[in-house]
Every structure is written in C-alpha cells, then in structure tokens.
> 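Submitted below is the structure of interest, expressed as structure tokens.
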Amino acid sequence: MDKITNGTRIEINETGTTLYYHPGLLYGGTVEHDCNIQRSIGYYLESLFCLAPFMKNPLKITLRGVTNDKVDPSVDILKATAIPLMKKFGIDGEHFEIKVLKRGMPPVGGGEVIFSCPVRKVLKPVLLTDPGKIKRIRGVAYSVRVSPQIGNRIVDAARSVLNKFLPDIYIYTDHMKGANSGKSPGFGLSLVAETTEGCFLSAELASNPQGQGSTILPEDLGKSCAKLLLEEIYRGGCVDSLNQSLALLLMTLGQQDVSKVLLGPLSPYTIEFLRHLRSFFQVVFKLESKTFEERKGAEKVLLTCVGIGFSNLSKTIK
C-alpha cells in the first residue's frame with residue numbers, strides 16, 4: 001500500500017497492538033514488491049484489481065513470491081477470469097495484462113509476475129443477466145521441479161471426467177525449467193469454462209507444499225479439479241464465486257446508473273463484502289432469487305444496484 005500511494009502514513013504503536021493508517025493518493029507508476037511467501041501473489045493481485053484503475057499513473061508492478069498455492073487464487077485463474085470481467089466495466093487498453101515470468105510454489109516461492117493496468121476516469125455500468133451455456137473449457141496444468149510427465153498425467157485424468165460433457169477441451173501443459181521454476185517442487189491444475197456470452201467460471205487445485213501433508217497423485221488431482229469445475233458450473237451465474245466481490249465493487253463504483261449481475265449462491269466472503277459496501281459507500285443491493293426451469297443447477301441471485309458515480313480524482317481532464 002505504501003509503494004503504490006503517495007502521502008500514506010502508517011504508524012504502529014510500541015506494543016504492536018494498534019495500527020494507525022492515514023491513506024494517501026493512489027499514485028501508481030512502476031513498482032517492484034517482494035511478497036510474503038505465506039500468501040500467494042494472487043492475494044496481493046486481488047486488492048490491486050480494486051485499486052489499479054483509479055491510480056494517477058498507469059500501474060506496472062512486479063510481484064515476487066509464491067504464484068500458486070492451496071489458499072489463494074492462483075495467478076493463472078485471475079488472468080483467465082478477473083481480467084475479462086474488468087474489461088466488461090470498460091477497463092481496457094493494450095497494457096492490461098498479467099505475465100507469469102517465473103513460477104514459485106510454496107514453501108519457498110521464487111515466482112515472478114508482472115501486472116500492468118491502465119487508468120480510467122469512470123467505470124461503465126453493466127447488465128450481466130444471461131450467463132449463456134458452456135461452450136469450451138481451457139486450462140493449464142503446470143509442474144515445476146518434478147517430472148515433466150506429471151503435467152500429461154493431470155491432463156489425461158481431468159479430460160476423462162470432462163470429455164463426457166463437452167468435446168472442446170484444451171488443457172495446456174506448462175513445465176518451467178531452470179531459474180524460471182522457482183525454488184520448490186510442485187504441480188497443479190487450473191481450469192476455466194467459457195460460456196457463449198463470454199462469462200468465465202473457474203476451478204483450481206495445487207499439490208501440497210514439500211514436506212507438508214500427504215503426497216497427492218497427479219491423477220487424483222486432475223479428477224478432483226475437474227469435479228470442482230463441474231461444481232462451479234452447477235453454481236453458475238455470470239461471475240464465478242471467486243470474483244463475485246470484485247464485480248460487486250466495480251458495480252458500486254460505476255456511474256450513477258443501474259447495474260445488474262446474475263450470480264450463483266453467494267459465498268460467505270461475498271455476503272460479508274456486501275455489508276462492507278453498505279458501511280463504506282452506503283450502497284444497498286436489491287437481491288432477487290431466480291430459478292431457471294430448463295437449466296438445472298443451483299438457485300441464482302440477481303443483484304441490482306445504482307452506482308455512486310465515483311470518478312478518478314487524480315486523472316486530469318484534458
């Protein structure tokens with residue numbers, strides 16, 4: 001927070017029990033940061049997604065640490081789901097991307113990711129009410145500092161489950177070698193289902209960190225991840241459960257116009273997030289329960305709100 005802002009004051013008292021935080025202006029620019037290896041880079045990216053469009057200068061940040069772990073969303077999933085979601089709100093430009101230069105698995109990390117994002121004056125209101133049907137599934141099976149064959153074993157196992165439903169499945173194997181493979185061994189799979197309306201639903205799994213927990217077979221990991229994706233598709237909606245809160249925040253900050261989004265069952269995090277939106281922005285969503293007869297699946301929720309008309313204070317009007 002200190003690196004991407006200008007004029008922020010952070011004071012911790014002598015006993016280390018209270019934190020005084022006085023926020024400054026979002027400055028942006030080119031930044032480098034070494035992330036704590038207890039959490040993955042996805043943890044940092046999630047908060048950057050909320051702030052990056054409102055910087056003074058376009059943000060280009062290099063994050064080093066753990067790229068894939070079992071706790072936070074991985075870089076691959078955020079690249080495949082959060083970026084297309086933000087584009088729907090009008091956050092777009094040629095330098096809007098996440099690049100994975102090196103992978104880093106827990107417990108030691110060693111990964112490197114570049115995130116760049118353009119600045120926007122205002123956000124567009126959205127109407128995401130029709131999720132469409134699943135048309136294709138894409139994925140990445142990654143492996144570092146283990147046999148390159150493991151990636152193929154994960155792919156075969158995942159396809160054995162998914163091929164019963166859909167022919168258009170392509171899962172890339174990403175085996176990084178040498179310096180690009182970080183400092184710890186590990187493997188995992190991230191899957192993304194794309195619908196006819198351009199909505200993305202995702203699921204992922206990673207192996208246990210070296211020396212912690214029992215070892216997991218690549219076949220089991222592939223099958224479990226495919227089942228998790230089917231679970232996410234069952235939940236449905238226009239935004240997957242991982243990015244629900246991001247979509248709601250961008251709707252809240254939009255122009256003073258009505259935005260609607262259809263979501264699957266709300267995750268506990270999203271419910272808490274709605275309370276925060278009410279506290280900070282005095283925005284209350286209208287929630288309607290929806291059921292579709294022809295498509296079986298979980299009950300859907302249609303959320304409607306009017307944006308607060310937030311505009312980027314530091315973006316100069318030319």
Side-chain angles (χ1 to χ4, degrees), residues 42 45-46 49-50 53 73-92 96-98 123-140 158 162 165-172 189-204 225-254 257-267 269-270 273-274 285-305 307:
L45 281 175
E46 278 189 303
F49 285 150
C50 304
S74 70
V75 182
D76 306 288
I77 287 286
L78 292 174
K79 183 178 177 178
T81 59
I83 295 241
L85 175 67
M86 290 172 77
K87 285 183 178 173
K88 288 180 178 160
F89 287 89
I91 305 163
D92 199 3
F96 182 38
E97 59 183 0
I98 298 176
L123 297 180
K124 289 193 314 199
V126 293
L127 289 172
L128 300 172
T129 51
D130 180 19
K133 295 186 176 177
I134 306 292
K135 66 173 179 180
R136 60 166 164 239
I137 293 174
R138 296 285 176 266
V140 178
L162 296 172
F165 305 99
L166 196 69
D168 187 0
I169 300 169
Y170 204 93
I171 304 172
Y172 300 90
L189 173 65
S190 57
L191 292 172
V192 176
E194 187 185 343
T195 72
T196 50
E197 300 295 320
C199 303
F200 294 86
L201 306 170
S202 62
E204 63 173 333
C225 189
K227 285 171 184 166
L228 280 177
L229 182 70
L230 295 175
E231 167 75 21
E232 192 62 56
I233 292 169
Y234 172 81
R235 293 168 71 96
C238 294
V239 182
D240 63 350
S241 44
L242 189 73
N243 295 302
Q244 282 176 354
S245 53
L246 176 64
L248 298 180
L249 177 74
L250 295 175
M251 282 164 65
T252 305
L253 294 174
D257 201 348
V258 176
S259 286
K260 290 185 178 190
V261 68
L262 185 76
L263 300 178
L266 299 180
S267 65
Y269 180 86
T270 309
F273 193 82
L274 282 166
F285 282 76
K286 179 185 172 197
L287 284 81
E288 297 170 76
S289 180
K290 292 269 179 188
T291 47
F292 293 102
E293 281 154 20
E294 80 277 8
R295 286 183 213 150
K296 294 186 172 66
E299 219 172 72
K300 309 286 186 286
V301 187
L302 182 67
L303 288 99
T304 312
C305 83

> Any luck finding a side-chain donor-acceptor pair between Ser190 and Glu204 under 3.5 Å?
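Short answer, no.
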> Look at the side chain of Thr196 and the backbone N and O of Lys133, then say whether any donor-acceptor pair between them is shorter than 3.5 Å.
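Side chain of Thr196 to backbone of Lys133, a donor-acceptor pair under 3.5 Å: yes, one is there.
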> Could you walk me through whether Val140 and Ile171 pass the side-chain contact (heavy atoms from CB on, under 4.5 Å) test, one step at a time?
CA-CA 5 Å; Val140 178; Ile171 304 172; 5.9 Å; no
> Please enumerate all residues that pass salt bridge (Lys or Arg N to Asp or Glu O under 4.0 Å) together with Lys286, with sequence neighbours excluded.
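Only Glu288 meet the salt bridge (Lys or Arg N to Asp or Glu O under 4.0 Å) criterion with Lys286.
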> Over all heavy atoms of both residues, which pair between Ser245 and Phe273 is shortest? Give the atoms and the distance, please.
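In this case the closest contact between Ser245 and Phe273 is O-CE2, 3.3 Å.
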> If you take all heavy atoms of Leu201 and Gly236, which pair is closest and at what distance?
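Closest approach of Leu201 to Gly236: CD2-O, 4.3 Å.
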> Under 4.5 Å between any side-chain heavy atoms of Ile91 and Leu123, yes or no?
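Contact flag for Ile91/Leu123 side chains = yes.
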> If you compare all heavy atoms of Phe200 against all heavy atoms of Pro84, which two are closest, and at what distance to 0.1 Å?
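Shortest heavy-atom separation between Phe200 and Pro84 comes out as CE1-CB, 3.5 Å.
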> Using 0.5 Å steps for rounding, measure from the CD1 atom of Ile233 to the CD1 atom of Ile137.
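Ile233 atom CD1 to Ile137 atom CD1 measures 5.0 Å (nearest 0.5 Å).
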> How far does CG of Leu191 sit from NZ of Lys227, to the nearest 0.5 angstrom?
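That separation rounds to 13.5 Å.
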> Which heavy atom in Ala158 sits nearest to a heavy atom in Leu189, and how many Å separate them?
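What the structure gives for the nearest pair is CB-CD2, 3.9 Å.
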> Quick one: does Cys199's side chain get under 4.5 Å of Lys88's, heavy atoms only?
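When only atoms from C-beta onward are counted, Lys88 and Cys199 do touch, with a gap below 4.5 Å.
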> Would you say Val258 and Pro125 make side-chain contact, with heavy atoms under 4.5 Å?
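When only atoms from C-beta onward are counted, Pro125 and Val258 do not touch, as no gap falls below 4.5 Å.
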> Looking only at heavy atoms, which two atoms of Gln244 and Val239 are closest? And how far apart?
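For Gln244 and Val239, the tightest heavy-atom pair comes out as N-CG1, 3.9 Å.
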> Return the OG1 to CZ distance between Thr270 and Phe285, rounded to the nearest 0.5 Å.
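Output value for this atom pair is 10.5 Å.
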> State, yes or no, whether a side-chain contact exists between Leu162 and Leu230 at a heavy-atom distance under 4.5 Å.
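A side-chain contact exists here, since the closest heavy-atom pair is under 4.5 Å.
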> Is a side-chain donor-acceptor pair under 3.5 Å present for Glu299 with Thr291?
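Thr291 vs Glu299: no donor-acceptor pair found between side chains.
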> How many angstroms lie between CG in Leu250 and CZ in Phe89, if you round to the nearest 0.5 Å?
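Result: 5.0 Å between the selected atoms.
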> What closest approach, in Å, do Leu262 and Lys290 show between heavy atoms, and which atom pair accounts for it?
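The answer is CD1-CG, 4.1 Å.
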> Any side-chain heavy atom of Leu78 within less than 4.5 Å of one from Phe49?
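Sidechains of Phe49 and Leu78: in contact.
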> Is the shortest heavy-atom distance from the side chain of Glu194 to the side chain of Ile134 under 4.5 Å?
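Sidechains of Ile134 and Glu194: no contact.
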> Using atom types as modelled and distance alone, determine if a side-chain donor or acceptor of Ser241 lies under 3.5 Å from a backbone N or O of Ser267.
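Absent.
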> Taking Lys260's backbone N and O only, do any of them form a donor-acceptor pair with Thr304's side chain (distance below 3.5 Å, no angle check)?
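Such a contact is absent between Thr304 side chain and Lys260 backbone.
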> Under a 3.5 Å cutoff, is there a donor and acceptor pairing between the side chains of Ser202 and Glu232?
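Per modelled atom types, Ser202 and Glu232 side chains form no pair under 3.5 Å.
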> Please determine if Arg138 and Asp76 form a salt bridge, counting it only when a charged side-chain N lies under 4.0 Å from a carboxylate O.
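Salt bridge between Arg138 and Asp76, a charged N being under 4.0 Å from a carboxylate O: no.
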> Atom SG in Cys225, atom CD in Glu231: separation rounded to 0.5 Å?
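Atom-to-atom, Cys225:SG and Glu231:CD are 12.5 Å apart.
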> Under 4.5 Å between any side-chain heavy atoms of Val261 and Val126, yes or no?
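No, too far: nothing below the 4.5 Å cut-off.
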> Measuring from atom OG1 of Thr252 to atom CG of Leu248, what distance do you get when rounded to the nearest 0.5 angstrom?
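Spacing of OG1 (Thr252) from CG (Leu248) equals 6.5 Å.
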> Only counting residues at least two apart or in another chain, list the ones meeting salt bridge (Lys or Arg N to Asp or Glu O under 4.0 Å) with Arg235.
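Arg235 satisfies salt bridge (Lys or Arg N to Asp or Glu O under 4.0 Å) with no residue once adjacent residues are dropped.
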> Can you confirm whether Leu263 sits close enough to Lys300 that some side-chain heavy atom of one is under 4.5 Å from a side-chain heavy atom of the other?
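Leu263 does not reach Lys300 side chain to side chain.
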